[in-house]
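This report refers to the structure that appears directly beneath it.
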Amino acid sequence: MTPMAAPAEKIDCESTVVRTASSELSRRVLMFCRLLTRAGLNVTPGRLIDGFRSIPHVDLLDPDAFRVGLRVNLVASREEEEIFDRLF
Amino acid sequence: MPSHPRSVLSSVDAIQEAFAAQNYIADRPLALTTMLAAELEKPILLEGEAGVGKTAVAQVLSSVLDTPLIRLQCYEGLDATTTLYEWNYARQLLAIRMAETDPALRSSLQTSIFGEEFLLSRPLLQAVRHPGPRPVVLLIDEVDRADEEFEAFLLEILSDFQITVPEIGTFKAAHRPVVILTSNRTRELHDALKRRCLYLWIDYPSARKEREIVRRRVPGIEKALAEQICGVVQTLRRVDFYKRPGVAETLDWARALMGLDVREIDAALLEETAGCVLKYHDDIERLRSIGADRVLADDIGDGDAASMA
């Protein structure tokens, strides 16, 4: 996916987000993903979208479920799982 | 038999219960991942050491969903094309030989020689052609043993589940299979494949979880013995053996000890039955040098756990 495609993907995921969660929640998730990227994870637009797509299926009152529900979309190794959990 | 087995994947609790009914202890992250895989229609990639129960997840899931399990076992040198289909050359040759003397056969064979009759569907085509009524579970086991070329090939299949047999036509899956990939991490898989999947690392179970697994999978075992077995295995896993015991080894050992009518494990018995938990000669020698009695007492230090330089 070329960098030029990124803004369009972000708009797409915004509309998904409006359907799924409050804008505050989505803003925080986006910020968290930027944190993950800085920590070395490869958070592609596709992964980000799938992360948001997972949110409606998760019991938001269960913090572990919310964490894991996001994580399975955004990590690619045991080490990345640990980084994710630490930053979360 | 439930009328809509897919609804059993509707909640984390329901999944844990359904797996437990099959005597598989699924922790909540695994149950959640399974649920998301069904909802998002994404494959699951389970990565972890050998023998922690990754393959079993697919087997249990197929039972829970009351749907067949199609297994593609990967290995070094796996040729991607053989995972789709092959032609039954032997049968084709036979048909050709028979047609040599029979003109009627000869003319019909011209159209049928590359047809269904002689087509051997391999796992990926089987998964695509599965008629239903429910999606099948497709297990792609130990994908790390295959090569990068196979990964690229797999990516194509996983995206649209469409396979073309040039002589016959294009098959498209009526029901998208539930796909589980496993890897023992003998090499790093490409990020392209990983991001196609929901990723979960499967660790060795905790002592408590392992006791529960033994209790369920080795019915009738004495509680004290099961506790001792799990304790020893937990201790052994702290040592960097070439191959640490997995859950499968724990269960094997438990069954063996139960068969020997053992009440309590002593150092001598641990050494004698070490082959149940350690599969490499060097590892068993290592156990001996550390001392079976110290392992039993969980009295091993960092010096024992790490190999000497």
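Below, chains carry the letters A, B, ... as their sequence lines are ordered, and counting in each starts from 1.
- Looking at A:Asp59, there are no atoms closer than 4.5 Å to chain B (heavy atoms on both sides), in backbone or side chain.
- Interface residue B:Leu200: backbone and side-chain heavy atoms are both found under 4.5 Å from chain A.
- Without hydrogens or angle criteria, B:Arg185 side chain to B:Glu47 main chain gives no donor-acceptor distance under 3.5 Å.
- If you take CG on B:Leu158 and CG on B:Leu138, they are separated by 7.5 Å, rounding to the nearest 0.5 Å.
- Atoms CD and CG, from B:Glu151 and B:Leu189 in turn, are 5.0 Å apart once rounded to the nearest 0.5 Å.
- If you run side chain to side chain donor-acceptor pair (under 3.5 Å) between B:Asn184 and each of B:Glu49, B:Arg145, B:Lys54, only B:Lys54 comes through.
- Interface check for chain A: of the options B:Lys42, B:Met35, B:Glu188, the most heavy-atom pairs under 4.5 Å are formed by B:Lys42.
- For A:Glu79, the part lying under 4.5 angstrom from a heavy atom of chain B is the side chain only.
- In this structure, chain A has heavy atoms under 4.5 Å from both the backbone and the side chain of B:Leu40.
- For A:Ser54, the parts lying near chain B are the backbone and the side chain together; criterion is any non-hydrogen pair under 4.5 Å.
- In this structure, the portion of A:Arg47 lying under 4.5 Å from any heavy atom of chain B is its side chain and not its backbone.
- Residues A:Phe52 and A:Leu25 fail the side-chain proximity criterion, which asks for heavy atoms closer than 4.5 Å.
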Run the ring pair (Phe, Tyr, Trp, His ring centres under 6.0 Å) check on B:Phe150 and B:Tyr75 step by step: do they pass?
CA-CA 11 Å; B:Phe150 181 71; B:Tyr75 53 87; 9.2 Å; no
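- Ranking B:Thr33, B:Asp203, B:Asp191, B:Leu45 against chain A, the residue ahead of the rest is B:Asp191, based on heavy-atom pairs under 4.5 Å.
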